[in-house]
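Below is one structure; the comments refer to it alone.
Hydrogens, waters and symmetry mates are skipped; everything else that's a heavy atom, side chains included, is used. This one's a predicted model, so the numbers in the text were calculated from it and none came from an experiment. Sequence lines set the chain letters: A, B, ... in the order given, protein chains first and strands last, and positions in each chain run from 1.
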Amino acid sequence: MPNPQQCKFAKTHEWIASDGTIGISDHAQKEMTDVVFVDLPKVGLEVKAGDACAVVESVKAAFDIYSPVSGKITKVNQAVSKKPALVNQSPYENGWLFVIEKSNPAEEAVLLSLTDYEKFIEEETNGH
Amino acid sequence: MSRLEPLLIDQSVKGRRGVGIPKSPVSQPLGHLIPEKFLRKKKPHLPEVTEFQVVRHFTRLSQLNFSIDTHFYPLGSCTMKYNPKLNEAMAGLPGLKNIHPLAPDVVSQGMLEILYNLEQWLIRVTGFDAFTLQPAAGAHGELTGIFLAQAYHRARGNKKSVVLIPDSAHGTNPASAALAGFKVVQVKSQSDGHIDLSDYRQKLTDEVALIMITLPNTLGIFEGQIETITREAHAKGALVYLDGANFNALAGLVRPGDLGFDICHINLHKTFSTPHGGGGPGAGPVGVKKELEPFLPVPRVLKEKEKFVMRDSKHQFPQSIGQMRSFFGSTGVLLRAYTYMVTLGEDGVKEMSRRAIINANFIRVRLSKIFKVAANEPCMHEAVFSGVPALKNGTKTLDIAKRLLDYGYYAPTVYFPLIVPECLMIEPTETETPETLEAFCTTIEKIAREIETDPEMVKHAPHTTPVQRLDEVQAAREPVLKWPSWNSAFNTFYEEKTQKSQGPQK
Amino acid sequence: MYHPNSTSDEKNLLKKIGVSSFEDLLPRLPKNHLNPGLGLRKNLSEMDLSREMEGLAGKNGSPLSFVGAGAYDHFIPAAVPAIQSRGEFLTAYTPYQAEASQGTLQSIFEFQSIVAEIYGMDMANASMYDGATSLAEAVLVAVRQTGKPVVILPDALHPHYRRTLETYFGSNPGIQLATVPCPHGVIDSKELDMKLSANKDKVAAVVIQSPNFFGCIEDGAEWTQKAHAAGALSIVSANPLAMGLLTPPGEYGADIAVGDGQPLGIPLSFGGPYVGLFACKQELMRKIPGRLCGKTVDTNGQVGYVLTLQAREQHIRREKAISNICSNQNLMALAVTLQSSLLGPEGLRDLAELNLQQAHYAASQISNIPGFKLHFSAPFFNEFVLELSGDAELFQQKALAMNVLPGLILKPYFPSLDRHILVNVTEKRSKEDIDRLVSVLRSVK
């Protein structure tokens, strides 16, 4: 169970833990409102950093989930398929989406720390 | 509003029937006609009810609806005008309703003449050179138009893979372009809804096959730069498509064909008043300029020596994109639209758009004290607002929409276009009286006061409808999309019946 | 008289708007193109228009017709149009405001239930444009679901359906249409095996139509098994009325069932509007196009209905939407719901059997006439291919002179069937009508 303090964040609101577990941030789940469906990638899929590889749906919107890093999908969270509300209830724990085997750890350099991510959200919100 | 009605299946009692089916006088044992393995074994779970039960059930259901016949329906972008009863009567004439779509031309002369005439009327109103009546809806017309553009470019050896679409467009535009295999590139709109010309010019590359434009745009504003846009597109070898969803504002006032458009679809269920039917059927005829005519779908209706003929052969139309659906088109819808146009005539068509525009502007001015007008200038057929100035005490535009239902008005279109915050889009149409418009605006003012005095009541509206706000999250998380099937105890029904009728051969 | 505003109303409104003339409301319209002469006729009164339209309707013939081919002349009980034409259904729009649209929504829920039951499938959507476009959408689902490009079509598929698929996918590099021959009126088993093995691991779907264009009943169970063994989906296009009697696609494991609802309560109306039926297995629920209506509860716990799973649709997903469709043929779907409710399970079966019996009576009577023979020996439902002794055009002309239209000439669709017509007999053709057809055939052969 990753601690958000130790995760890295993408500006597209995904987090990634050191073991390659990926989910969406607490801020993102609030913005999305009630998640009603999660479409997860197939295990074994090779993705590049920035590829849309999952979709999270609310009643009135659909959100692409972009992989923060390149690699191969090794595991997906069947629990969120059955109970999408987990994404809202527990974005950093039970609501994780998939695990990736990173092929290029250097890519993580462009990702943000929790503090920087929170700063980024604040700027974005004020910008509007 | 009457109380809710149980599902018809829950009123079912085994053995009841709504309609009697006679026995064939020339019946043979079923087993002689069809191998047993092809026969249905499991009984479908359909209602077993009398005709009266069916009639009462659906009459009661109908009474749970708002409709144009019963309520003002200011749904922006949908042109909910009065649907004349005459249109229904004409489409229902036995000599028209009962014609088979593949009957030989000699049997369908009257029908072909009407369809030919309808094409001519549409050509005259739009300034295009040819029309196909085939598309089943506006979105289907878009897809047809995009295929036409694709065929046009292919015939010229052009390799163009991009369709430009303003960000304020209806979602069907990008969906249709993607379905035809094009890459969609968005063009920015300014806050007043006009296309950002510098962004347009930047994105108008040699790759662009087609630009899709909604006119008036989804803010109800006429794009003043339209001739510049079409001219520059043509200079790059691109075609320009008019999404005619808002044609009610233009009919008789200006012809799209004169403005440089190459292709357009017209939603007959909007501008030409065919009933929306709770979501369809529509019809989306597509008009084109001369250079695109060879690509139109088949079958086509032609006039040859005072006779009307329907033709679909590859020899006659070698460049046609083919067929977009089965048969000729949604003829029943086309007949209604034709009736409407002929009833109006030249002057009536002009009066239609003129009065639609006046009514919308009345709404715009009258409600500008409550809401913020999205574009600060006269609108065309619909007035678009941001609800923000009226939204106090934590209320949202949705709450105003729901509260309107309590006062017997259908809600305007809300949250579209996306570029206007807390958007309301109101299209009164020409068929509403000044009294109705006045009463509607007064009601909006009243709701604005309620937001100040009793916001919680507004937030929980509607209060008088058959149901209150529905749990859409539950509906999407655990979908229930049909009534339950029979449990297996009933499944031998068809089997028993089949065996009984199989005769001694078995 | 549809426009209420009198001249003084208009003046009054313009004053309230704050402009002195209508033209002041059109600041951006190009002056040089404004207000063109359209060259349309003058308006007509209701009386004059009715007279004119009745005159045009009278120019159409009304022969005793045995043309079907995907559009069938069936009995429609009076209650169907009576309810369907109620203004509250007719003049409502898409049920966006669910609280003010429960009638439409519940009727969609009932429609979805009925279509799913008729096809024996897990679920159905709120409808598509027609049978041909439903099939096109099903093909898209299969290609997307399997990630494979090849779709196998039977040669006996309705030619309009085939043309529609060719238009939709002809220039799509991701979809390849292949055809399996039907030399005996139905899919040839060996040919299907060959097509499947020639496209090993590339087949997204096998399309089955049953009854097919020739009226023949396909062995849907066997073809579905072959499709599944090859890792492909099975898509079945079926006449819903025939499902009263024939094994529905759901009983043999088809993945998607589609069809045209026209035979259940919709008049011929020269080709439309009809309604496309679309039913599928549960696992495809979030992958299918079109509106879906679901059951839920309101804030008081009262049962109600809403449009649901909308994140698949164009107004949310735009270019990533599953389909561009943004409507359903709701009023025609209502006709199907009404007709099916009046028939019930037994009525549906009896009506299907009546079609089968009348058509078989006609086939046996006609094949007794020297010079005529049934072209295929496969079992059929209410339609069959008849081989004539001579030119079909000439034959039709002669028959029409006696006000009988014996069937559809097949040559334009299948050049090898150059002396053949497709004869359809519904329950509306009485024994006397059939006997008249037989006597006309005897006299013109």
Requested in this report: Carefully, step by step, assess B/Ser485 and C/Glu117 under the rule side-chain hydrogen bond (donor to acceptor under 3.5 Å, both in side chains).
Outcome: CA-CA 7 Å; B/Ser485 290; C/Glu117 285 294 325; 2.7 Å; yes
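- We find that C/Lys59 and B/Glu113 are joined by a salt bridge, their nearest charged nitrogen and carboxylate oxygen being less than 4.0 Å apart.
- C/Asp73 pairs by the salt bridge (Lys or Arg N to Asp or Glu O under 4.0 Å) definition with C/Lys428, C/Arg429, not counting sequence neighbours.
- By the 4.5 Å heavy-atom criterion applied to side chains, B/Phe222 and C/Pro30 are counted as neighbours.
- A donor-acceptor pair under 3.5 Å links the side-chain atoms of C/Thr167 to the main chain of B/Ile321, judged by distance alone.
- Here the rule is side chain to side chain donor-acceptor pair (under 3.5 Å) with B/Ser24, and of C/Gln357, C/Glu427, C/Gln358 only C/Gln358 fits it.
- Contacts between B/Ala475 and chain C at a heavy-atom distance below 4.5 Å involve backbone atoms as well as side-chain atoms.
- Contacts between C/Thr133 and chain B at a heavy-atom distance below 4.5 Å involve the side chain alone, from C-beta outward.
- Between chain C and the residues B/Pro378, B/Gly279, B/Gly345, the most heavy-atom pairs under 4.5 angstrom are made by B/Gly279.
- Two residues are said to be in side-chain contact when any heavy atoms from C-beta on lie closer than 4.5 Å; C/Leu245 and B/Leu39 meet this criterion.
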Query raised in the report: What's the verdict on side-chain hydrogen bond (donor to acceptor under 3.5 Å, both in side chains) for C/Thr296 and B/Asp471, showing C-alpha distance, side-chain angles and the deciding distance?
Result: CA-CA 6 Å; C/Thr296 186; B/Asp471 188 343; 4.9 Å; no
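- In summary, the side chains of C/Ser85 and B/Glu88 do not present any donor paired with an acceptor at a separation below 3.5 Å, with no hydrogens or angles considered.
- Both the backbone and the side chain of B/Phe58 come within less than 4.5 Å of a heavy atom of chain C.
- In terms of heavy-atom pairs under 4.5 angstrom with chain C, the leader among B/Glu472, B/Arg366, B/Met352 is B/Met352.
- For chain B, the nearby parts of C/Lys16 are the backbone and the side chain; heavy atoms of each come within less than 4.5 Å.
- If you tally non-hydrogen atom pairs under 4.5 Å between each of C/Pro36, C/Ala221, C/Pro95 and chain B, the highest count goes to C/Pro36.
- Legend: residues meeting salt bridge (Lys or Arg N to Asp or Glu O under 4.0 Å) with C/Glu110, ordered by chain and number and at least two apart, are absent.
- For the pair C/Asp130/B/Phe327, no side-chain contact is recorded, criterion being any heavy-atom separation below 4.5 Å from C-beta on.
- Both the backbone and the side chain of C/Pro267 come within contact range of chain B, judged by heavy atoms closer than 4.5 Å.
- Heavy atoms of C/Ile83 lying under 4.5 Å from chain B belong exclusively to its side chain.
- Heavy atoms of C/Phe22 lying under 4.5 Å from chain B belong exclusively to its side chain.
- Only the backbone of B/Glu432 comes within contact range of chain C, with at least one heavy atom under 4.5 Å from a heavy atom of that chain.
- For B/Leu93, the part lying near chain C is the side chain, with the backbone staying farther off; criterion is any non-hydrogen pair under 4.5 Å.
- The choice from B/Val54, B/Leu75, B/Thr70 that makes the most heavy-atom pairs within less than 4.5 Å of chain C is B/Val54.
- Put simply, of C/Cys293, C/Ser323, C/Pro81, C/Ser340, the one with the most heavy-atom pairs under 4.5 Å next to chain B is C/Cys293.
- Residue with the most contacts toward chain C among B/Gly171, B/Ala283, B/Ala411, B/Ser108: B/Gly171 (heavy-atom pairs, distance under 4.5 Å).
- Two residues are said to be in side-chain contact when any heavy atoms from C-beta on lie closer than 4.5 Å; B/Ser67 and C/Leu90 fail this criterion.
- The residues B/Lys402 and C/Glu99 are annotated as salt-bridged, a charged nitrogen and a carboxylate oxygen being separated by less than 4.0 angstrom.
- Among B/Glu48, B/Arg469, B/Gln474, B/Glu430, the residue with the largest count of heavy-atom pairs under 4.5 Å with chain C is B/Arg469.
- Here the side chains of C/Leu354 and B/Pro22 are in contact, with some heavy-atom distance below 4.5 Å.
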Query raised in the report: Would B/Met90 and C/Leu49 count as a side chain to side chain contact (heavy atoms under 4.5 Å, CB included) if you check the C-alpha gap in whole Å, the side-chain angles of each, and the deciding distance to 0.1 Å?
Result: CA-CA 9 Å; B/Met90 294 301 100; C/Leu49 184 132; 3.9 Å; yes
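- In this structure, C/Phe270 and B/Phe328 have tilted ring planes: the angle between them lies in the 30° to 60° band.
- Chosen from B/Asp347, B/Ile221, B/Ile114, B/Ile9, the residue pairing most often with chain C at heavy-atom distances under 4.5 Å is B/Ile114.
- Both the backbone and the side chain of B/Lys97 have a heavy atom closer than 4.5 Å to some heavy atom of chain C.
- C/Arg291 touches chain B through its side chain: at least one heavy atom from C-beta onward sits under 4.5 Å away, while N, CA, C and O do not.
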